[in-house]
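Since the structure comes first, as structure tokens, the remarks are kept for the end.
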Amino acid sequence: MISSMTEELQTYLDSLARNERYRVVRCLKASAAETTEVVYVDENATLTGPFIRKRFPLEGPGIEAYERLQQAQASGWQPAHLPRVYEVFPTDNERIVLMEYVEGQTLAQVVDQAGPSLTLAERYFPALCEGVTELHEGTGAPLVHRDLKPSNIIIGPRGLTIIDFGITRLYKPDAIQDTEHFGTRSYAPPEQYGFGQTNERSDVYALGILLYYLLRGQEPAQFLVSNRFEGDGLPPAVQQVLAKATAFDPAQRYGSARELKAAASQALAASAQPAAGGVYDVAGGSHAFAKGVQASAEEVPPSSGKKVRRPWCLRNLVVLACWLIFAAACWQLIFAPEGEWVEIPLWYRVGIYGAGFLLGLTGICYGLLDRQALGSFIPPLRRQTKQAGRKAALTIAALGFGIFFLLIFLSALGVIPYSIPSYSS
């Protein structure tokens, strides 16, 4: 008995000593539930790393999955798509996890840069399903991730890796529902929010949403999921896979990530080489085909029964008309001034209304455009995701209005001896 207590005390003291060796170089996430840091380990005045250190409160969820992964890996298991967990131990006021630092980009960054496509889905979705299968089958009882999303998937030199198991839970056959409801809403299935207990099919639901993300560059609207993705312009085989993977009733979904991988791989391969001899224009949101070149906006297969959105749709015409009105007004103020504006130097008028006001309005108008419709007229816009489009619009608008208000501020301070003339009588 005394010997056992001595061993426990020594283990505890050793864990405190190990934790003191870590040198934090960056904090990635900090919350009441978890702190994630990039650390190096000080070994006899020599730093090794980097590693990921996660710190959890002594009480509460978050560590069971890491313990099971560490134990399985220590026994010789080597998953291809999960990070290595080196240590899991307690200190005086928290629990520590030391694990592999996975280099690379998130799936969100990869999709944002490359653009959504069938090719991207064929490249990464099978590996994603394999990683989830490892999580479900590699440690005995299934570990349900419950927070599969683009930011928790890393693409790097070692391939695809699933990270962040802070809300991963062990499936318990006798439980009625989860005691805690977590997860990112767009990717979490109904049972994760109080409709039952999460299990492997809950991660299958999230995988279905991720497949849609690889094809479209965004999460599907809830009504689209409820309507089994009808009317979205997806290839029929892919639509059927998505509909089954994201069914409201878990019993109607694929039974495992392994089963979903097989169905999705077959559907993606069939959609990439349809009998008509072309490829589905998935990212563009239509059934248009391309035979070596981009399909015209006027070309719609008779079987689709739908028209592809014209590049000059009403929305784009209205936005363009508004921009032209503002551009004409700015041109007048810059190059054909009247009244007090005649005395203002040209460079100031160009800065205020050209580089400032008009550029800011250009960003707003770009954000309002239906860029997917314009994609058939301007191909780069078809490859741009909605997230990238919004980011570009905000950047342009911020730059323009930043210049505009900076010049006005400098004028108010007297740094620039000019200001916008007053039109009050």
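These numbers were taken from a predicted model, which means no experiment stands behind them.
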Tell me if a side-chain donor or acceptor on Q239 pairs with a main-chain N or O of P235 at a distance below 3.5 Å. no
State the CD-OG distance between E122 and S117, to the nearest 0.5 angstrom. 8.5 Å
Quick check on W77: does its CH2 atom have over 12 non-hydrogen neighbours (other residues, nucleotides or ligands) under 6.0 Å away? yes
How are the rings of F357 and F326 set relative to one another: parallel (under 30°), tilted (30 to 60°) or perpendicular (over 60°)? perpendicular
Does this structure show an ion pair linking R201 with D203, if we count only N-O contacts that are shorter than 4.0 Å? no
4.5 Å side-chain heavy-atom contact, H145 and N152: yes
Using a 4.5 Å cut-off on heavy atoms from C-beta on, say whether the side chain of F125 contacts that of L214. yes
Before giving the answer on ring-ring contact (aromatic ring centres under 6.0 Å, His included), spell out for F51 and Y86 the whole-Å C-alpha distance, their side-chain angles and the decisive distance to 0.1 Å. CA-CA 9 Å; F51 301 98; Y86 299 111; 5.6 Å; yes
Between V132 and A257, the two heavy atoms sitting closest are CG1-CB, 3.9 Å
Just wondering, are more than 12 heavy atoms of other shown residues or ligands nearer than 6.0 Å to CZ in R258? no
Taking everything shown except Q266 itself, do over 12 heavy atoms lie less than 6.0 Å from its CD? no
Would you sort out whether C27 and T35 count as a side chain to side chain contact (heavy atoms under 4.5 Å, CB included), showing the intermediate values? CA-CA 8 Å; C27 181; T35 299; 4.2 Å; yes
Using atom types as modelled and distance alone, determine if a side-chain donor or acceptor of S271 lies under 3.5 Å from a backbone N or O of L268. no
Contact check, side chains of I416 and S411, non-hydrogen atoms, under 4.5 Å: yes
Which distance, rounded to the nearest 0.5 Å, do you find between the NZ of K261 and the CG of L128? 11.0 Å
For P79 and E134 the tightest heavy-atom approach is CB-OE1, 3.4 Å
E103/R158 salt bridge by N-O under 4.0 Å criterion: no
Under 3.5 Å side-chain donor-acceptor pair for T36 and E34: yes
Give me the ring orientation class for F401 and F404: parallel if the planes are under 30° apart, tilted from 30 to 60°, perpendicular past 60°. perpendicular
Please identify which of these residues, K29, K54, R23, R53, meets the salt bridge (Lys or Arg N to Asp or Glu O under 4.0 Å) condition with E37. R53
Tell me the closest heavy-atom pair linking A108 and Y213, and the distance in Å. CA-OH, 3.4 Å
Do any side-chain atoms of residues 242-252 form donor-acceptor pairs under 3.5 angstrom with protein atoms, and if so which ones, sequence neighbours left out?
residue, atom, partner, partner atom, Å
T246, OG1, L242, O, 2.7
D249, OD1, A251, N, 3.1

Mark yes or no for whether R315, through its side chain, and L368, through its backbone, hold a donor-acceptor pair below 3.5 Å. yes
In short, E87 meets Y22 closest at the heavy-atom pair OE1-OH, 2.9 Å
Can you tell if the side chain of L69 reaches within under 4.5 Å of the side chain of L82, non-hydrogen atoms only? yes
Going by heavy atoms in the side chains, are P116 and L215 under 4.5 Å from each other? no
Please assess L207 against C129 for the test side chain to side chain contact (heavy atoms under 4.5 Å, CB included), listing each intermediate value before the final yes or no. CA-CA 7 Å; L207 285 171; C129 291; 4.2 Å; yes
Within the 4.5 Å heavy-atom criterion, are R95 and L58 side-chain neighbours or not? yes
Determine whether more than 12 heavy atoms belonging to other residues, nucleotides or ligands lie under 6.0 Å from atom CD of Q109. yes
Parallel, tilted or perpendicular: ring planes of Y66 versus F165, cut at 30 and 60 degrees: perpendicular
Short side-chain donor-acceptor distance under 3.5 Å, H81 and E130: yes
Show me the donor-acceptor pairs, under 3.5 Å and distance only, between side chains in residues 219-228 and residues at least two apart or in other chains.
residue, atom, partner, partner atom, Å
E219, OE2, Y187, OH, 2.6
S226, OG, Q222, O, 3.1
N227, ND2, F223, O, 3.2

Reported CG-to-CG distance for the pair L399 and L394, which is rounded to 0.5 angstrom: 12.5 Å
Within 6.0 angstrom of Q78 CD, more than 12 heavy atoms from elsewhere: no
CH2-CD1 distance between W347 and I352, expressed to the nearest 0.5 angstrom: 9.0 Å
So, do V24 and V38 sit near enough that their side-chain heavy atoms are less than 4.5 Å apart? no
Of the non-hydrogen atoms in P142 and E200, which two are nearest, and what is the gap between them? CG-OE2, 3.3 Å
Euclidean distance, Y124 OH relative to I153 CD1, rounded to 0.5 Å: 11.5 Å
Taking atom CZ of R68 and atom OG1 of T139, what is their separation to the nearest 0.5 Å? 4.0 Å
Assess whether side chain to side chain contact (heavy atoms under 4.5 Å, CB included) is satisfied between Y254 and V241, documenting all intermediate values. CA-CA 9 Å; Y254 292 100; V241 170; 3.7 Å; yes
Would you check if T106 and P150 make a side-chain contact, meaning some heavy-atom pair closer than 4.5 Å? no
How far apart are the C-alpha atoms of Q73 and R84, what are their side-chain angles, what is the distance that settles it, and do they pass the side chain to side chain contact (heavy atoms under 4.5 Å, CB included) test? CA-CA 7 Å; Q73 292 171 356; R84 178 78 180 180; 3.3 Å; yes
What heavy-atom pair brings G363 and A393 nearest, and what distance separates the two atoms? O-CB, 3.3 Å
